[in-house]
Amino acid sequence: MEFVADFHIHSKYSRATAKNLDLENLYINAQLKGITVLGTGDFTHPGWWRQIRQKLVRAEGGLFKLNESIARQCDQNVPPPCRRDVRFMLVTEISNIYKKADKTRKNHNLVFLPDLDSAQTLINRLDKIGNIRSDGRPILGLDARNLLEIVLETSDEGYLIPAHIWTPWFSLLGSKSGFDCIEECFEDLSHHIFALETGLSSDPPMNWRVSSLDRFALVSNSDAHSPAKLGREANLFDTNLSYGAIKKALEGGEEGFLGTIEFFPEEGKYHLDGHRKCGFRSMPAHTNELDKICPVCAKPLTLGVLYRVEQLADRPENYRCESARFHQNLIPLEDILSEVYQVGPKTKTVTQAYQRLIQRYGSEFYILRDIPLEDLKKFNYPLVAEAILKMRKNDVHFDAGYDGEFGKVRLFNADERDRLQGQCCLFETTGEKKTAQVKKTQKIASKFIPKPTSQFPQSAKKPVKKIFIFNSGQQAALDHCQGPLIIIAGPGTGKTRTITSRITALIKTGKVKADRILAITFTNQAANEMRNRLTDMLDGSTVTAQLHIGTFHGICLGLLKQVHGADSLSIADETLKKSIMADALYQLKSKGHRFDFSDDFFLQIISKAKQQLLGPTDDLGSVLETGQQDAVSQTVAKVYQTYQDLLNLQNLVDFEDLIYQTVCLLKKDSAWRRKLQERFSCIFADEFQDINYSQYQFIRLLAPEKANLCVIGDPDQAIYGFRGSDVRYFTKIIDDYPESRIVFLSQNYRSTKTILNSSFQVIKGRQIQIRQGSGARTYSNRSTDQCLTIADAPSARSEAVAIGCSIEKLIGGTGFHAVDFGKVGDSGEGSLSFMDIAILFRTMEQGRLIRDVLESAGLPCQLASRQDWRSRPTVAKFIALLRIIAGQGAFWDLTHLQDLTSAPIGKNTLLAFKNWSYEKKLNLAAALQTLTKNPVPEFNKVQRFELEALICFVNSIKQKTAGFNLSQTLSHLADMTGHQSWFKNENFQELAQRAGSYEDNILGFLNDLALKKDTDFYHPGAQKIALLTMHAAKGLEFEVVYIAGCEQGLIPFKHHRDNGAGSIDEERRLFYVAMTRAKEQLFLTWSRKRVIYGKILDGELSPFVKKIEKDLIQHMNQTGQKKRRCEQLSLF
DNA sequence: ACACCATGGCTTTTT
DNA sequence: GCCATGGTGT
């Protein structure tokens, strides 16, 4: 059957749409227009999705219809001659904003799916990627190619059609942020794209001029934001009514896609070029004469669709494509009536006339396209009839649309109007044959569909290897050959590049063998980064694999394994550590000790002690607060000893032990030490300002006085003093290695002068003097006219909103605050994308608020959080279980067995069992074994029963999984405990996936897991705004940085009961670190009121910022600059 | 064993 | 202002 379809519409849940855009009104208005198949639009929105599932029911072939009772009610509002069946199809539009090939891309894409299940699957996947709840047309920081991939994975029948491909702001081929061809955007998946939406401002003949579009079906949809706009463009089909048939027709295999109903492109909003605000419009040729500059305001013109088409066209005007289908240009009846009556399209006159017409004659499409001439003659509306005739003959004139302004129809001149109104029935047969265009029978099948060009040159994207030119400092660091080298490198001075270049040079010149190099970092992230860069620079991973790159803890674990054997060490993570401490305190309490301190207090002290290489029997005075020493040190020593005994009993080490024990061994075993010193003849230590005593000693022991030790860091970026790091070791190393060469890297390649000068004001005079004359400032050559911005807001929330607005301006509009996408971007930079922007703050609390505000505005952002993946219930459970199987379980692990066995062990039994075992100095594995051999009378009947069941359970698992590799073991565990559902659990899946490479080495797996919990902290590649604490931002860089909460009390941070002012310099450095993350632009924002601990406090600008402000003002006065370098942003 | 209230403490955080 | 902890009471 023949029918009209409009796939691209929206719901009331999209921004800037009509309130009455619900399924009922869509159903009614589709009939008034004469549309049979309607896209649902917006199905990723939870509200609309609920409506869809409630009100739509399955119809034939993957289509849906409004449920019977609602439909019958609605039909009362549909004039009988208009009534028809209406089918819905699951379609949604996604706004993709992302960076690709160094340019920000913004395009909109239609996604089609055949059934509710696959739609739900897609919703779930997109939900994880971005915020789909705040708008019917969600903005995702997702590459369109990857969206397509997801759609294809979701359903075999799913497909994607790029939307309104020519509009300047948000489209595939758009002039502002588009590509030049389809393959650039969809790469290897391009052949899955078979149709393109031409959009209101272009029609098929314009598209025919671009030969690369020949193979695509050109569809047209309304993109309706209100029911009245339905079908202003639409598609004609002759297929049976089903999802599959429509897809096939579009794919072109069959002839069911007849063609399209079009707007006159001149009526579209972006047909010509111009400036709406300036009231200036021009044709492409004229635009070029003007150099694309607006003669009114001298800014670049908004280039329209016609311009862009001519840019990409490889064929002349009026070229007719061989595969062309039928198309017909129509003017919405409302617009015709508006022109006829010389009143606005939304006026009562027009609405009433419209109603009368469709009640009498039928649907709008019937009136516009099909009413026979004879009937038109008898029309009571001569001007309307003439207008329709003119339209059908294409005898229409326009003031064409430009820069978001719709074009205006001009059907009659004054003469014509008078004449027609005078003579009511003018219609002789003036030889008006139905124009060829109106004959629907004209079908031109697309016989020729070129083979997909999947060979898009991938190589073009491979980054060309850059040839670096080193500055004198860097060169000195590279040229240094023997002995200790200390590199002091300010922010953005090419620290990593220098260190990796040095390593590369050492290997390539054959001076050092790769396997004798040891590179130590603090974080896994840094280690990975270094490894990746080296792999690039060393042309392959074979050499890199021989290098020893790792974190302090990782390297020490490896060394301890050498000594203790691989399977006798298990790392006690945070939770386990706490349980052991609880056990220790319990034991002491039951012996009559009383404490006024929490577990955390003791753990903290012990951790500090270990960092100072102090054991339980050493004098702990130095790690205690002054005044506490005598009173507490005895207790602490006792707790420390007990805690340590419990760790030892169970072969557990905590994080600090890894380094502490390694250092102790190195001290004791001089043969081993010498062996290692020879082995690692070349040692690199990164981020040296963050080192603590034990780590320093570790390096001292590995690297003798004249060793090839290279340390690199920046004392001014030392921000981890609160966890034991001490920047003084940077000074100490110079004394301890008197022959060391010191190199300063002071040229910053990252930030502009403005940013760097400002940041210097913060630390000026407070720099840590490594030696006389050091503390030279980092400088930059990058001039800019970009100001530093200091801005205030009335509240923390409005501060967040202001940041959001500011970002939107920078990005050049996201389509949200602009109605439709009309008024965006005069001030837009255009080249920025979300991933180039970071918002930094001091506390997570601020971060959460900012995230909430940005997300509800639909701006994609990621709040970096180090929530421990392993403490999620499923993961924790399996880790506990694996520990038990590996014979390394702690008693605490038993609490995780609750829902794994049919006979869980009770609290009392566990306690009794634990106490008994501790008494007998048995760890879990040993205790279980002892009990297996000879049951003990100490326990009562119930306890004995529970313990037997436990032993039985553990043994049976052990037996059944013997010889299994880890993944097999995991599946077996899920299976045998009756938790098959876990196979679908994503945490379980991730665990299984990570376990994959460990064969049967459970302990190795668990230890790595404990040392590498960097799973989803922050994704640098994600197309999202980064929300980071100032600490977490260290080592990263962004084009634009906002530092929020620049207030007294927050920066520097004032703890509510913090008495010591000792950390103020660290706070200063932290702010310095934060500021120097910015490359191009830096915003410092603060709030005049802020709620802290429930109290509303008056804010005052941070003293650090005041310093900057003062300097900038002074600088302005001195140089007499007119240019404001420091400006107040007016936020609202 | 659980429900209830009161109190206190609030940051940054790799491994 | 909110959450977690701990103590008391049923």
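All values reported here derive from a predicted model rather than from experimental measurement. Below, chains carry the letters A, B, ... as their sequence lines are ordered, and counting in each starts from 1.
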Separation between the P atoms of dA4(C) and dT11(B), rounded to whole Å: 12 Å
Would Phe522(A) count as stacking on dT15(B) if stacking means ring centres less than 5.5 angstrom apart and planes tilted under 30 degrees? no
Tell me: CG of Leu652(A) to C1' of dT15(B), nearest whole Å? 16 Å
To the nearest Å, how far apart are Arg848(A) CZ and dC10(B) P? 15 Å
May I have the distance from Glu845(A) (atom CD) to dT11(B) (atom P), rounded to whole angstrom? 8 Å
Figure out the CG/C1' separation between Leu1028(A) and dT13(B), and round it to whole Å. 14 Å
OP1 or OP2 of dT13(B) under 4.0 Å from side-chain N/O of Thr1029(A): yes
Just compare dT15(B), dT13(B), dT11(B) and give me whichever is closest to any side-chain atom of Thr843(A). dT11(B)
Just checking Met844(A): base, sugar-phosphate only, or nothing, at a heavy-atom cut-off of under 4.0 Å? sugar-phosphate
Nearest-Å distance for atom pair CD1/C1', residues Ile719(A) and dT11(B): 13 Å
Take the protein atom CD of Glu1047(A) and the nucleotide atom P of dT11(B), then report the distance between them rounded to whole Å. 17 Å
Answer yes or no as to whether dC10(B) has its base stacked against Tyr1093(A), where stacking requires a ring-centre separation under 5.5 angstrom and planes under 30 degrees apart. yes
First locate atom CD1 of Ile549(A), then atom OG1 of Thr521(A), and finally report the distance between them rounded to the nearest 0.5 Å. 8.5 Å
Side chains of Gln689(A) and Glu687(A) only: does a donor on one sit below 3.5 Å from an acceptor on the other? yes
To the nearest 0.5 Å, tell me how far Leu557(A) CG sits from Gln661(A) CD. 11.0 Å
Take the protein atom CZ of Phe1071(A) and the nucleotide atom P of dT12(B), then report the distance between them rounded to whole Å. 17 Å
For the residue pair Asp726(A) / Tyr696(A), report whether a side-chain donor-acceptor contact shorter than 3.5 Å exists. no
Taking side-chain hydrogen bond (donor to acceptor under 3.5 Å, both in side chains) as the definition, give me every residue that meets it alongside Arg1068(A), ordered by chain and number, with sequence neighbours left out. Asp1065(A)
When rounded to whole Å, the CG to P distance for the pair Asp599(A) and dT5(C) reads 10 Å
Can you tell me which nucleotide in dT12(B), dT15(B), dT13(B) comes closest to the side chain of Arg842(A)? dT12(B)
